[in-house]
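Report on the structure given below.
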There are 2 protein chains.
Amino acid sequence: MQELGAAGHKLTGKRRAIVEILLAEERHWTAKEILVKLRARFPAVSFDTVYRNLSLLKQMGLVHEMVLGDGGSRYKLCYSQDHHHHLVCLGCGQTLEIPVCPMQQISGMGLSCKFKITGHRFEVYGYCEGCSSP
Amino acid sequence: MQELGAAGHKLTGKRRAIVEILLAEERHWTAKEILVKLRARFPAVSFDTVYRNLSLLKQMGLVHEMVLGDGGSRYKLCYSQDHHHHLVCLGCGQTLEIPVCPMQQISGMGLSCKFKITGHRFEVYGYCEGCSSP
DNA sequence: AAACTAAATAAGAATATTTCTGATTTAGCG
DNA sequence: CGCTAAATCAGAAATATTCTTATTTAGTTT
């Protein structure tokens, strides 16, 4: 929470509430889920506020965004700064961290002669014990 | 092309043209790029037709869809049926196939006790020699 | 404590991508 | 040639996200 003030950002009630929501459940949230939860405390809060804050937190490296195949994204607080990937439950958003990164395997393949590699994505999808497959 | 007829699908001029466009350049296309190219031959063709045909081809396993982080997708004809991943140029859509799948590394980790794994995605992004980084 | 300023928010419009609806056309077949 | 299911069109609709302008607010200064 103090990271925000340090970087010259204001700690508004809504911003604090969004961080608290993310802190309370360590899973990947959709923007809509966050909005619904946030409206319990601030009934008139806008979607824009959710996205603006998620964007700020993402930019600061405090939030991880996972882009799903259906056009939506999920967001999760991410204090462990070391690089990792996720296994995500498509039902509830619960995640497991995967300590392996496939780029280690890739780096020896000489792909970088032909391409300037700027990023990668590795995500595993499934359903946790509580959420049965649809 | 004959796969379509065999499965009881009609080979319309527009469908044929879409496949020909994909055949002509072996890269990942955006839906809009395909539409523009298609309109050179059929000026009044609709977006719907592009998406409908891509969806059909994807469902038949003839086309690979790559969902990008910016909310859009790219599509590529995909005759090599063996499982692989891609390195994609974010400028022009040119791709390199990556024969490695990180799931091989993952399968020994015992994640499947906790999750029923239904899918995964591994994509590497970059810029090819022709497209310099923005 | 009042004033100030840059940051944050509200409200709703705008954008982009993709899907749907209902009417019309067409490919392939008998 | 005529039939029928599949494909297409035109435009509306759904979805997710971003932008615009005016207003409010947190943190600082006086």
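Keep in mind that what you see is a predicted model, and the values were worked out from it rather than measured. Basis for what follows: all heavy atoms, side chains included, without hydrogens, waters or symmetry-related copies. Chain letters run A, B, ... following the sequence lines, proteins first and then strands; every chain starts at 1.
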Next item on the list: Would you confirm whether A:Arg121, through its side chain, and B:Arg121, through its main-chain N or O, come within 3.5 Å as a donor-acceptor pair?
Entry: no
Item checked: Footprint string (nucleotides 4-20 of chain D, 5' to 3'): B base within contact, S backbone only, - free, heavy atoms under 4.0 Å -> -BBSBBB-----SSBB-
Next item on the list: Using the six-membered ring wherever Trp is involved, compare the ring planes of A:Tyr75 and A:Tyr51 and label them parallel, tilted or perpendicular (cut-offs 30° and 60°).
Entry: perpendicular
Notebook entry, point to check: Which whole-number value in Å describes the distance from A:Leu35 CG to C:dT9 C1'?
Noted result: 13 Å
Notebook entry, point to check: Checking A:His28 side chain against A:Arg74 main chain: does a donor-acceptor pair fall under 3.5 Å?
Noted result: no
Margin query: Taking CD in B:Glu20 as the centre, count heavy atoms belonging to other residues, nucleotides or ligands within less than 6.0 Å. Is the count above 12?
Written below: yes
Next item on the list: Decide, yes or no, whether a salt bridge links B:Glu25 with B:Lys37 under the criterion of side-chain N to carboxylate O below 4.0 Å.
Entry: yes
Next item on the list: Figure out the CZ/P separation between A:Arg41 and C:dT9, and round it to whole Å.
Entry: 13 Å
